[in-house]
Amino acid sequence: MTTARIDEQTESLVIAGTGSKPSEATLAGPRARVSARITGGGKTWKATFPLRLARWGGPELPLPSGAYELDIDGADLSGVASDSQLLPGLRISLKGAHLDIAPPLDPIHETGEGQSALEERYVAQPGGDENAVFFESFYGQSAGCNPRAIDRELAARAPGVTRYWSVVDLSVPVPDGAIAVVEGSPEWWRARGAARLLIVNDWLRRRFARKAGQRVVQTWHGTPLKRLALHRPGFDPRRMAAVVKESRRWDVLLAQNLYAERILKKAYAFFGKPIWTDGYPRNDALLTGDGAATRKALGIGPEESVLLYAPTWRDDRSEIVDFVDPQLLAEQADAVVLVRGHSRTLRPGKDHTGARVIDVTGFPDTTQLLLAADALITDYSSVMFDFSVTGKPMFFLVPDLEHYRGQLRGFYFDLAERAPGPLVGSQDELVAAVLDDSVPGRFAERYAAWQRQFNGHDDGHAAERVVSRILDLGYLSAGR
């Protein structure tokens, strides 16, 4: 007989059974895996699974929401069940070997009626009067990118400002001193309406209602190579209307460089409002930091070679592209391979595994990965415009170049003519390029021209400039 219970005090799942003691017990989800502490023996045994996990050397946090599978060696789990139970950091339910973890929302608030009631309250509240900023990065799936860099500068220069971070669940680590608010919770709706300033790096999405005195700074999340918004292929009146409606919500748009300023202004019909072309705050650390701490957190030795594979997402698929066999690449290049999926592939996909392969799709800060890497492998991702700040080699694995350029998205310029590294069409070609010592020299002139055009404002002080504007304009008060 096998039974299950939730220990609220220790925030753990306890499975108890009779018979032989299992040799191993695991709980595995798409982006997290924990092993049980197995005790007992003889007639009975107990497997205790922690529902909190410390990752990447960070704090111990609740497991990411999602579907998990229980695997207990030799145990029959078919009759095991536990009703949905709300804990401080998550909500959990179990049926057989299938365990579901959800954000810690009271079920009454998760229903359509519950969310409608909270939204009505949000729309009705006066708001915009708290000396606070509401941050959101990639729809709450991380607390990184430009918003994080601005948060750090604000915390140092305006400690009286309250900093809320929108997160999909409490597995997302937020910066020190910030307050995590779970999307859809009563506190999320309240903070979103109360804050004087919203700083986001993507669309505001859900039923945004501006409050008197409230401002929105849209940092965006990359200099574009691929066509965006109004420039995407095909005429779609609904998409066009949505783009214009969204961009009218923004008071300020941040651009990394003059090229991005021109593109973003037209792609989002962002006319008559300021664009701050100040460089990217997230790139300050590429000039002021180093990757030693990140390598240590990932368990990578200081002498090991590190390749970061970071492709963009595809409009015609939900998971990361499979153009690389990471373990084979690690063997062929004698390197540690970091796999970084796009934010849009975080939830649908699952971690890659293998010897000398580390899936860092869930790592909280891409910039730190760029610092830790010796070279970047990408395709059409805007990460190319950030990594070039470092001057380290880049390789472009683009087997679907013609399809992507001609049908799926299209480009603003010809990557093949201007890329600061070789374009390759297969893993074998990629490995040959990575092992070719002549590549940096052959692409030095292109690399320098690229940096002049795209990285002229990435001087290590972008966050300072942005925060100075915010404070000088009175969007926030430095004191309480």
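The model shown is predicted, which means the values in this text are computed figures rather than measured ones. Position 1 is the first residue of the sequence; numbering continues from there.
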Task: Option from Leu329, Asp325, Leu308 for which side chain to side chain contact (heavy atoms under 4.5 Å, CB included) with Val337 holds - done: Leu329

Task: Closest non-hydrogen atom pair between Val383 and Ala310, with its separation - done: CG1-O, 4.1 Å

Task: Gln256-Trp220 side chain donor-acceptor pair, cut-off 3.5 Å - done: no

- [ ] Write down the atom of Asn131, the atom of Gly160, and the distance for their closest heavy-atom approach.
- [x] ND2-O, 4.0 Å

Open item on the list: Tell me whether the rings of Tyr268 and Trp203 are parallel (<30°), tilted (30 to 60°) or perpendicular (>60°).
Closed with: perpendicular

Task: Flag side-chain contact, heavy atom, 4.5 Å: Leu476 against Val467 - done: no

TODO: Take Ile470 and Ile199 through the test side chain to side chain contact (heavy atoms under 4.5 Å, CB included) and record every step on the way to the result.
DONE: CA-CA 11 Å; Ile470 287 170; Ile199 297 179; 4.0 Å; yes

Open item on the list: Measuring from atom CD of Gln218 to atom CG of Leu253, what distance do you get when rounded to the nearest 0.5 angstrom?
Closed with: 6.5 Å

Open item on the list: To the closest 0.5 Å, what do you measure between CG (Leu423) and CE (Met394)?
Closed with: 11.0 Å

Task: Check: Arg340 and Thr366 side chains under 4.5 Å, non-hydrogen atoms - done: yes

Task: Neighbour count >12 (heavy atoms, 6.0 Å) for atom CZ, Arg248 - done: no

Open item on the list: Donor-acceptor check, side chain of Arg409 to backbone of Tyr404, threshold 3.5 angstrom: yes or no?
Closed with: no

Task: Exercise: identify the closest heavy-atom pair between Trp250 and Arg210 - done: N-NH2, 4.1 Å

TODO: Spell out, as yes or no, whether a donor-acceptor pair under 3.5 Å connects the side chain of Tyr122 to the backbone of Ala209.
DONE: yes

Task: Exercise: do Arg192 and Ser166 side chains pair donor with acceptor under 3.5 Å - done: no

Task: For the student: nearest non-hydrogen atoms of Ala297 and Trp56, plus distance - done: CB-O, 3.3 Å

TODO: Report the distance from atom CG of Asn455 to atom CG of Leu287, rounding to the nearest 0.5 Å.
DONE: 9.0 Å

Task: Under 3.5 Å: donor-acceptor pair, side chain of Gln141, backbone of Val168 - done: no

- [ ] Scan Tyr447, Phe385, Phe387 and name whichever one has a ring-ring contact (aromatic ring centres under 6.0 Å, His included) with Phe454.
- [x] Phe385

Open item on the list: Between Tyr280 (side chain only) and Gly222 (backbone N and O only), is there a donor and an acceptor less than 3.5 Å apart?
Closed with: yes

Task: For Tyr412, all residues meeting side-chain hydrogen bond (donor to acceptor under 3.5 Å, both in side chains), sequence neighbours excluded - done: His231

Open item on the list: With a 4.5 Å cut-off on side-chain heavy atoms, are Trp165 and Arg148 touching?
Closed with: yes

- [ ] First locate atom CG of Asp100, then atom CG of Leu90, and finally report the distance between them rounded to the nearest 0.5 Å.
- [x] 12.0 Å

Task: Asp284 side chain vs Ala463 backbone, donor-acceptor pair below 3.5 Å - done: yes

Task: Under the side-chain contact (heavy atoms from CB on, under 4.5 Å) test, residues paired with Ser116 that sit two or more places apart - done: none

Open item on the list: Testing the basics here: between Val182 and Pro103, what is the closest heavy-atom pair and its distance to 0.1 Å?
Closed with: CG1-CB, 3.9 Å

Open item on the list: Contact between Pro311 and Phe323 at the side-chain level, heavy atoms closer than 4.5 Å - yes or no?
Closed with: no

TODO: Take Leu298 and Phe363, measure what side chain to side chain contact (heavy atoms under 4.5 Å, CB included) needs, and give me the verdict at the end.
DONE: CA-CA 10 Å; Leu298 297 174; Phe363 193 85; 4.2 Å; yes

- [ ] In sequence, state the C-alpha distance, the side-chain angles, and the governing distance for Glu130 and Lys211, and then conclude on salt bridge (Lys or Arg N to Asp or Glu O under 4.0 Å).
- [x] CA-CA 11 Å; Glu130 183 178 354; Lys211 307 301 177 182; over 6 Å; no

- [ ] Determine whether Gln214 and Phe134 make a side-chain contact, defined as any pair of heavy atoms from C-beta on separated by less than 4.5 Å.
- [x] no

- [ ] Check step by step if side chain to side chain donor-acceptor pair (under 3.5 Å) holds for Asp428 and Ser426.
- [x] CA-CA 5 Å; Asp428 287 342; Ser426 69; 5.3 Å; no

Task: Residue pair His109 / Gln115, side-chain donor-acceptor N/O under 3.5 Å - done: no

Open item on the list: Taking NZ in Lys392 as the centre, count heavy atoms belonging to other residues, nucleotides or ligands within less than 6.0 Å. Is the count above 12?
Closed with: yes

Task: Min side-chain heavy-atom separation Pro281-Leu254 under 4.5 Å - done: yes

Task: Beyond-backbone contact of Leu63 with Tyr68, side-chain heavy atoms, under 4.5 angstrom - done: yes

Open item on the list: Run the side chain to side chain contact (heavy atoms under 4.5 Å, CB included) test on Leu198 and Glu136 for me, step by step, so that the C-alpha distance in whole Å, both residues' side-chain angles and the decisive distance to 0.1 Å come before the verdict.
Closed with: CA-CA 8 Å; Leu198 285 79; Glu136 187 173 80; over 6 Å; no

TODO: Give a yes or no answer on whether the side chain of Arg163 reaches the backbone of Asp176 with a donor-acceptor pair at less than 3.5 Å.
DONE: yes

- [ ] Determine whether Leu170 and Pro104 make a side-chain contact, defined as any pair of heavy atoms from C-beta on separated by less than 4.5 Å.
- [x] yes

- [ ] Hey, could you give me the CG/CZ distance between Leu338 and Arg295, rounded to the nearest 0.5 Å?
- [x] 8.5 Å

Task: CZ/Arg465: more than 12 non-hydrogen atoms of other groups inside 6.0 Å - done: yes

Task: Distance-only donor-acceptor check, side chains Thr361 and Asp359, under 3.5 Å - done: yes

- [ ] Examine Phe411 together with Tyr380 and report whether their ring centres are nearer than 6.0 Å.
- [x] yes

Task: Donor-acceptor pair, side chain of Arg282 and main chain of Ala149, under 3.5 angstrom - done: no

Task: No-hydrogen, no-angle side-chain donor-acceptor test under 3.5 Å, Ser468 and Arg157 - done: yes

TODO: Under the salt bridge (charged side-chain N to carboxylate O under 4.0 Å, His left out) rule, collect the residues that match up with Glu119, sequence neighbours excluded.
DONE: Arg207

Task: Side-chain (Asp251) to main-chain (Val216) donor-acceptor, under 3.5 angstrom - done: yes

Task: Closest non-hydrogen atom pair between Gly425 and Leu397, with its separation - done: C-CD1, 4.1 Å

Task: Side-chain (Arg227) to main-chain (Arg405) donor-acceptor, under 3.5 angstrom - done: no

TODO: Indicate yes or no for a side-chain donor-acceptor contact from Glu464 to the backbone of Glu153 under 3.5 Å, with no hydrogens or angles considered.
DONE: no

Open item on the list: If you apply the rule side chain to side chain contact (heavy atoms under 4.5 Å, CB included), what do you find for Thr111 with Ile108, and how did you get there?
Closed with: CA-CA 6 Å; Thr111 64; Ile108 195 172; 5.6 Å; no

Open item on the list: Does atom NZ (Lys273) have a neighbourhood of more than 12 heavy atoms from anything else shown, all under 6.0 Å?
Closed with: yes

Open item on the list: Return the CG to OG distance between Leu99 and Ser93, rounded to the nearest 0.5 Å.
Closed with: 6.5 Å

